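Take a look at the structure set out below.
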Amino acid sequence: MKKKTLVASLILVLMLAMSMLLAGCGGGPANLEEYINSNEELAQEIESYSTAGMDIDISENTLTYTYKYSQVFDEATAALMTSSLEDAMSSMDSTFESVRDTLVEETGFSEIVVKIVYTDGNDTVLYEKAY
């Protein structure tokens, strides 16, 4: 009888410890970055999209696409580039909004931001927009 009580008590203690452990973890990823990092296949797929001239970075709930020109632009050219990028990117709004909406739907994290950044060879920001 004592043995059964001891075993039952140990099981109860282990169950309580496990529930506290899982509650402390939240039971899953807390943000987009953790969600992606917890899925090796997804993380590798995103990494494969990073190429020369384009980088994809995920930080907490922000997915940032950075497109980098190798050239360095003087101030006047940078201003023209900014204007041209604004015009060109306005037609892409629905695409990046759709990317954001898909990420929100798939992960359940409503505060996801998709950010587009264009820089020159000196990392001077030519254009930046968040969705």
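All figures in this text were calculated on a predicted structure; none of them were measured in a lab.
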For this session: Taking all non-hydrogen atoms of both residues into account, name the closest pair between Met89 and Tyr131 and its distance.
Result: O-OH, 4.2 Å
Problem set entry | Asp120 backbone acceptor or donor facing Thr124 side chain under 3.5 Å | no
For this session: Apply side chain to side chain donor-acceptor pair (under 3.5 Å) to Asn61 and list each qualifying residue two or more places apart in sequence or on a separate chain.
Result: Glu111
Seminar exercise, completed: Looking only at heavy atoms, the pair that brings Val113 and Ala130 closest together is CG1-CB, 3.8 Å
Exercise. Who pairs with Glu106 by side-chain contact (heavy atoms from CB on, under 4.5 Å), at least two apart in sequence or on another chain?
Worked result: Thr102
Exercise. Pro29 and Tyr35: which non-hydrogen atoms are nearest, and at how many Å?
Worked result: CB-N, 3.4 Å
Exercise. Parallel under 30°, tilted from 30 to 60°, perpendicular over 60°: which one fits the rings of Phe73 and Tyr69?
Worked result: perpendicular
For this session: Return the set of residues passing ring-ring contact (aromatic ring centres under 6.0 Å, His included) with Tyr127 (not counting sequence neighbours), or none when no residue passes.
Result: none
Problem set entry | Where Ala78 and Leu126 come nearest, the two heavy atoms and their spacing | CB-CD2, 3.7 Å
Seminar exercise, completed: Contacts satisfying side chain to side chain donor-acceptor pair (under 3.5 Å) that involve residues 71-88 (not counting sequence neighbours) are Asp74-Thr77
For this session: List in chain and number order the residues that pass salt bridge (charged side-chain N to carboxylate O under 4.0 Å, His left out) with Asp93, two or more places apart in sequence or in another chain; answer none if no residue qualifies.
Result: Lys129
Exercise. Who pairs with Glu47 by side-chain contact (heavy atoms from CB on, under 4.5 Å), at least two apart in sequence or on another chain?
Worked result: none
For this session: State the CG-CG distance between Leu103 and Leu32, to the nearest 0.5 angstrom.
Result: 6.0 Å
